[in-house]
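Chain A is the first sequence line, chain B the second, and so forth, proteins listed ahead of strands; every chain is numbered from 1. None of these values were measured; they are calculated from a predicted model.
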Amino acid sequence: MSRSYETSSQWRLMWRKFKKHRLALIALPLLLLLYLTAVFCGFLAPNLPETRFVDYKNSPPQKLRFVDEEGKFHLRPFVYGYKMEIDKESFRRTFTADTARKYPVHLFVKGDSYKLLGFIKSDVHLFGVKDGNPLFLMGTDKLGRDLFSRILYGSRISLSFGMAGVALTLVFGVIIGGISGYFGGWVDTVIQRLIDLLISIPTIPLWMALAAALPRTWSTAQLYLGMIVIFSLIDWTGLARVVRGKLLSLREEDFTMAARLSGASHARIIFRHLLPSFYSYLIVTTTMAIPTTILGETALSFLGLGIQAPAVSWGVLLKDAQTLQTLAHQPWLLWPAAFIVLTVLLFNFLGDGLRDAADPYK
Amino acid sequence: MATDESVLLEVRDLRTYFHLDEGIMKAVDGVSFELKRGRTLGIVGESGCGKSVTTLSILHLLPAFAKLEGDILLRLNKGERKGSVVNLAKLNPRGKEYQRIRGGEIAMIFQEPMKAFSPVHTIGNQITESIRLHRTRDKKQAREIATELLGSVGISNPAQRLNEYPHQLSGGMRQRAMIAMAISGLPSVLIADEPTTALDVTIQAQVLRLMNDLKAGHDMSVIFITHDLGVIAEMADDVAVMYAGKIVEYATVEKLFQAPAHPYTIALMNAMPSMNGRGERLASIEGSVPILMNLKPGCPFFSRCGHAVKGLCDRSEVGLTQVSPNHWVRCALANQTGQGAAI
Amino acid sequence: MLSYIGFRVLQVIPLLFAISVIVFIIIQLPPGDFLTSYVDQLKLSGNDVDESMIMNLTSQYALDKPLYMQYFIWMKNILLHADFGTSFQYKMPVSAVIGERLLLTMAISFISMVVIWLIAIPIGIYSSTHPYSPMDYAFSLIGFIGLAIPGFLIALILIYTVYSQTGVAITGLSSPAYAEAPWSMAKVWDMVPRMIIPVVIIGLSGTAGLIRVTRGMMLDELSKQYVTTARAKGLSERKLLWKYPVRTAVNPLISTVGWTLPTLISGEAIVSIVLNLPTTGPILLNALMVQDMYLAGSFILILSVLTVLGTLLSDILLAVLDPRIRYGGASA
């Protein structure tokens with residue numbers, strides 16, 4: 001019928017509008033890249049996240065170089081080894097680049113074995129240095145673990161958490177908001193008061209309290225699921241309000257009446273007729289909610305309330321950078337923050353572009 | 001104009017173009033007319049024909065992307081330079097001089113009084129503001145004038161109404177208050193942009209009568225914008241029919257109704273319900289006003305005109321021709337015969 | 001007007017009740033009651049456990065009674081005696097632990113709010129009257145970053161940047177000389193400059209949000225008919241701007257207090273942990289870590305109640321300012 005034609009032309013219209021938003025157009029492939037990185041982190045990371053290089057605790061990032069100390073250019077990039085010195089007074093170990101030792105960086109290097117996608121066993125890494133020499137592009141932590149590799153591995157939890165959290169929020173929001181808006185009356189009133197209630201409790205303290213109540217004995221997977229439930233339980237309100245508002249205006253429209261007269265069930269009317277009429281709106285709201293959820297997980301893990309070490313997420317990694325002392329001596333521990341900020345900004349750009357696209361009248 | 005003392009306002013070749021992302025929109029494209037002392041000029045046309053933009057251009061109440069060309073000559077009616085002529089098109093739209101003219105020399109009434117009043121200020125506050133800008137700085141005196149004005153436009157309990165908010169008044173009352181506010185600066189020209197469109201029919205008649213009374217009582221000239229030829233017949237002395245940003249017919253009200261010459265004017269008249277023609281079906285004009293952007297050459301009414309001649313009407317720009325004294329028409333067919341084109 | 005206020009106040013009561021129930025549930029969430037963990041804690045640290053004290057606490061909190069009775073007694077203690085329970089970690093009444101810190105949290109949140117308004121509204125107005133100008137774009141960009149990056153990350157980055165550039169540590173609220181000192185004018189005075197950083201960090205996202213809202217709302221108002229009316233009267237642009245669109249846009253802006261306040265308090269909780277401020281954040285985190293639940297629960301309860309009251313105040317203020325609500329009565 002003409003309906004399918006109309007929807008397809010609407011999508012095309014949105015795409016045309018979306019293409020005009022330059023930042024969003026850049027953000028989309030970059031985000032895809034980030035998610036692919038998370039999926040293939042084992043292959044992309046030169047080291048394993050839990051491998052401790054005991055000789056290189058708290059070592060600063062190595063620079064990837066093309067030009068050596070004599071000014072000679074090398075086509076193959078290389079890194080310098082470390083020279084360790086111990087401060088006589090503070091007994092603090094410091095590392096400097098040892099120009100005498102050059103480690104060229106090779107592609108497809110054999111190293112520690114990992115499981116790609118969780119089941120393909122491999123020991124080939126995209127890049128690395130040979131003979132087990134150190135390659136720490138973003139330095140190491142206090143246990144001598146490679147921060148760059150840990151960030152790549154951490155992106156699995158951090159990035160997927162945003163998606164999973166928002167997916168569950170979407171389910172709650174659409175169902176509860178749908179019920180509220182479609183049935184109206186006292187059901188609506190009760191749900192609206194519930195939303196008022198949830199909104200008036202400051203979010204972060206509430207998150208903290210609920211996250212703290214998760215049993216310490218839980219495994220990472222259990223904690224991960226528990227956190228997702230906590231987030232969606234608090235976050236669905238905004239979405240539900242939007243869905244309700246849209247439904248309230250839509251249920252008065254002709255096609256709803258037509259569907260009802262032809263004997264369609266409530267659920268059928270909601271899911272087949274009402275929801276499709278604001279898919280675009282849901283997509284925008286969802287895109288904007290993903291970075292918020294990622295940040296929520298980061299914040300709680302950062303505080304030590306969410307996902308716990310030895311699991312790695314960006315928040316868990318940032319936890320190491322909490323005190324002024326570590327920041328002063330190991331500022332590279334802030335690298336995870338850069339990834340968080342980048343991801344969040346990209347999602348915001350994307351959401352902004354989608355909003356422009358979904359709202360052709362603005 | 002400099003010589004003819006009876007002309008209060010003369011608009012010459014006014015062009016208001018909107019510079020949009022999509023291109024240049026010629027909302028008003030070469031409009032000329034004059035307004036004589038004590039007379040009412042009616043501007044009539046469908047929505048989107050440029051009649052509102054024409055009057056907004058006179059007071060330069062236009063968005064930043066609008067570019068204005070041409071001359072808008074106004075004979076000042078008060079102040080030290082009383083009697084001299086200023087060209088509003090050359091004035092700084094944000095300058096002091098223009099501010100004195102807005103409300104003081106030329107005032108405006110808008111279509112929807114609910115939207116035209118600020119919802120969070122009292123009626124009194126908004127009317128006295130105008131009085132204090134143009135008549136007296138004294139607060140108390142301004143309030144007295146406002147009370148008197150509200151009474152004179154037929155609002156009961158004026159002193160109490162001053163303290164009320166727009167949403168507390170009925171639609172008709174609001175429009176009366178709007179009129180009171182417009183005349184409170186003692187303007188010599190009153191521009192009314194569809195002042196009765198949003199009102200009930202019975203109240204429409206009352207407001208029209210009020211406007212005619214005030215016009216006589218305050219020695220004002222009026223520019224009256226409407227899409228309703230019936231209102232034109234009742235209110236106007238001269239009429240300009242606008243279509244697609246241009247005046248297509250310009251005549252005294254008698255000539256226009258006796259011998260309409262432009263096919264568009266005739267079509268408008270046929271679309272009007274008449275008193276004696278009972279049971280007739282109302283004619284409507286096929287199609288709609290073209291979007292005023294990238295127009296094809298030739299008469300803009302071409303595609304909707306029943307008398308259009310291919311190869312003549314769609315060729316080049318059609319000029320305004322005088323068909324009789326005080327009667328001008330922009331129609332290629334009228335050009336040829338020198339007579340009303342369509343009979 | 002009075003009936004409207006009365007109606008809003010009545011609406012708040014069931015909300016407060018529901019909040020108290022939720023907080024009570026939070027307090028009960030950790031496995032075992034707080035007494036068990038208290039006793040465990042004492043035993044772990046090798047202390048003798050005084051049986052009579054356990055008995056005392058058991059009866060005080062009715063721990064041997066069903067849950068709804070426990071809730072009832074907990075509420076009664078709070079409402080009648082302002083007794084929020086005992087913090088086993090500090091071994092003193094919760095109210096004694098909370099008092100000063102809560103005050104500082106409120107002070108910082110409130111100052112942030114004022115600062116947000118002072119900064120965001122003029123910028124929002126400027127941006128709306130100069131849309132798509134270079135400055136407008138610049139403010140939008142700053143706003144974007146402010147909205148996207150949470151306070152605690154900005155705090156972290158700022159601490160590092162300031163320390164690496166100047167060697168000054170911007171954590172804490174008092175300089176070492178005053179850290180343990182009792183309250184005095186000098187101590188307050190010492191705090192003022194140190195408050196700037198948390199205020200700026202906490203206020204950043206709120207400022208960004210409010211700029212966006214103000215700009216949008218002003219653009220909306222500026223295109224309205226009544227602005228043209230006022231201009232047609234001969235009002236100067238400046239007077240017109242402040243009297244009409246700004247005045248009209250202020251109303252919806254005031255209603256944003258409802259969502260800014262909880263966000264601020266929320267943000268303060270986590271920023272204060274990073275900046276190590278003597279406010280509610282660090283102690284709430286600590287209480288949650290060691291499951292000092294009466295302490296943690298009381299924080300959440302009080303912060304929530306303050307949020308509700310703040311929203312209520314903003315609603316009443318809105319009614320005072322907006323005749324449409326005021327005369328619309330309770331139905332509006």
Legend entry - Candidate pair C:Tyr244 and B:His121, rule ring pair (Phe, Tyr, Trp, His ring centres under 6.0 Å), full reasoning: CA-CA 8 Å; C:Tyr244 292 101; B:His121 295 88; 4.9 Å; yes

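Atom NZ of C:Lys239 is surrounded by 12 or fewer heavy atoms from other residues, nucleotides or ligands within 6.0 Å. Other residues, nucleotides and ligands contribute only 12 or fewer heavy atoms inside 6.0 Å of the NZ atom of B:Lys140. Counting heavy atoms of neighbouring residues, nucleotides and ligands inside a 6.0 Å radius, atom NZ of B:Lys78 exceeds 12 of them.
Contact record, C:Gly234 with B:His134: CA-NE2, 4.4 Å, taken as the closest heavy-atom pair.
Looking at B:Leu56, only its side chain comes within 4.5 Å of chain C, counting heavy atoms on both sides. Contacts between B:Arg94 and chain C at a heavy-atom distance below 4.5 Å involve the side chain alone, from C-beta outward. Heavy-atom distances place both the backbone and the side chain of B:Gln126 under 4.5 Å from chain C.
A heavy-atom distance below 4.5 Å is not found between the side chains of B:Leu59 and C:Thr228. Side-chain contact between B:Glu129 and C:Leu235: present, with at least one pair of heavy atoms (C-beta onward) separated by less than 4.5 Å. Considering only heavy atoms from C-beta on, C:Tyr226 comes within 4.5 Å of B:Pro119 through its side chain. Counting heavy atoms from C-beta outward, C:Lys233 and B:Met181 have side chains that approach closer than 4.5 Å. Within the 4.5 Å cutoff, the side chain of B:Phe117 has no heavy atoms near those of the C:Thr229 side chain. C:Gln225 has its side chain out of reach of B:Glu112: every pair of non-hydrogen atoms, C-beta onward, lies at least 4.5 Å apart. With a 4.5 Å cut-off on side-chain heavy atoms, B:Asn125 and C:Lys243 count as touching.
The distance from the OG atom of B:Ser118 to the NZ atom of C:Lys224 is 9.5 Å, given to the nearest 0.5 Å.
For a heavy-atom cut-off of 4.5 Å, chain B lies close to no residue in residues 11-19 of chain C. At a heavy-atom separation below 4.5 angstrom, chain B is approached by no residue within residues 103-112 of chain C.
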